[in-house]
Amino acid sequence: MSDFSRRRFIKTATLASAAVAATGLGLFSSRSEAADFKLKFANNLPMIHPMNVRAREMAKAIKEETNGAVQIQVFPSSQLGSDTDTLAQVRSGAVDMFALSPVILGTLVPSVQISAVGFAFKDYDQVWSAMDGDLGAHVRSEIAKTETLFAFDKMWDNGFRVTTTSTRPVLKPEDLVGMKLRVPPSPIIMSIFKAFDAAPTSINFAEVYSALQTRIVEGQENPLTLVSSAKLYEVQKYCSLTNHVWDGFWMLGNSKSFARLPADVQAVVRKHVDAAVMGQRADLAALQGSIRDTLKEKGLELADTEPQAFREKLRSANYYADWHEKFGDAAWAILEKYSGKLA
Ligand code: X2X
């Protein structure tokens, strides 16, 4: 790895000359107090969520390896704006990196939602085979078509989404009829709960706790690690382990921001992003053994559910046929290579 203390980055005033510098002609300053590149990384997760713990480690490792030349500021908990606002900011370059679920990125690139088809994955072997394999490659190519954005290779984990409520448990599809549920601003999550004849409402995650507390909605659906880290158990009573969608976060980068970095610096950033993601995946896997007991101790009533009944309801509502048509045969075949036949 280049020793950044030997190199001095020739400060440039214009993007064009920075682009020249980025071809490796530039050198790096060894000034640790003034970073040559300051990057903003935003996400909607609580400060204590494993993603932000690992992101802070990542920022420290990148700063150290570039001798202070690259400094990444981590903005958790939607500090820079809601998910839909921050998506606009990472597209414009006001934010340089953004961890965003495909269920919300689908508002910009509909095809990326294919990893969030209801009950597609039954376990993490299927998830990572798909997302670190051909399905992930397909989705990254779809993101690259935007030209303003790209996705790093590895997805952060969010988890299998479960359903929490303040009014009644969800043990079978009929329990969802008429239920006022918060869902993310997401076409595919919205469509799942409409297929169950629920009453889904799109609300950005930053407003979920208050929406539940004020009973604007009676429930929401998210992985257990979010029910725990966002303290949703304080305003919910029942937690039904529907596991209806596996969800993750693409580490999105603004293409122009990243192109300003010399190639070897890009490699350093990619290396530490991958390390942070793999560490976070392991953190969430380690939590699975204890998180149900933790939530029970917080007062949540947990209940297992039977996925087959929910799947059959989606099939009878033409949910799979509709999304197969939207995604197209080629993409659907890539999905079913990992999930098995879905409809
Ligand atoms: O908004 C949500 O529910 C969350 C945090 O899971 C996503 O980012 C999709």
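Order of appearance sets the numbers: ligands from 1, and atoms from 1 within every ligand. These figures come from a predicted structure and were not determined experimentally.
Listed by number with element, the atoms of ligand 1 under 4.0 Å from a non-hydrogen atom of Phe249 are 8 (O).
Note: Phe119 and Phe121 fail the aromatic proximity criterion, with ring centroids not under 6.0 Å apart. Residues Phe310 and Phe196 bring their aromatic ring centres within 6.0 Å. For an aromatic pair to be called close, the ring centres must be under 6.0 Å apart, and Phe152 with Phe258 satisfies this.
The side chain of Asn44, and not its backbone, has at least one atom closer than 4.0 Å to an atom of ligand 1 (non-hydrogen atoms only; side chain from C-beta on). Here Gln220 has no heavy atoms under 4.0 Å from ligand 1, in either its backbone or its side chain. If you look at Val103 next to ligand 1, the close heavy atoms, those under 4.0 Å, all belong to the side chain. Residue contacts with ligand 1, taken as heavy atom pairs separated by less than 4.0 Å, involve Asp247 solely via side-chain atoms from C-beta onward.
For the residue pair Asp329 and His324, a side-chain donor N or O sits within less than 3.5 Å of a side-chain acceptor on the partner.
The closest heavy-atom contact to atom 9 (C) of ligand 1, among the options Ala230, Pro102, Ser101, comes from Ser101. When the options Val208, Ile203, Asn222 are ranked by their closest heavy atom to atom 4 (C) of ligand 1, first place goes to Asn222.
Applying the salt bridge (charged side-chain N to carboxylate O under 4.0 Å, His left out) test to residues at least two apart or on different chains, none of the pairs has a partner in residues 75-96.
Ser229 places none of its side-chain heavy atoms less than 4.5 Å from the side chain of Leu45. Between Val117 and Tyr319, some side-chain heavy-atom pair lies under the 4.5 Å cut-off.
The distance criterion of under 3.5 Å between nitrogen or oxygen atoms is not met by Glu221 with respect to ligand 1. Inclusion of Asn158 in the set of residues having an N or O under 3.5 Å from an N or O of ligand 1 is warranted.
Scanning the protein heavy atoms around atom 1 (O) of ligand 1, the nearest turns out to be Arg182 NH2, 2.8 Å.
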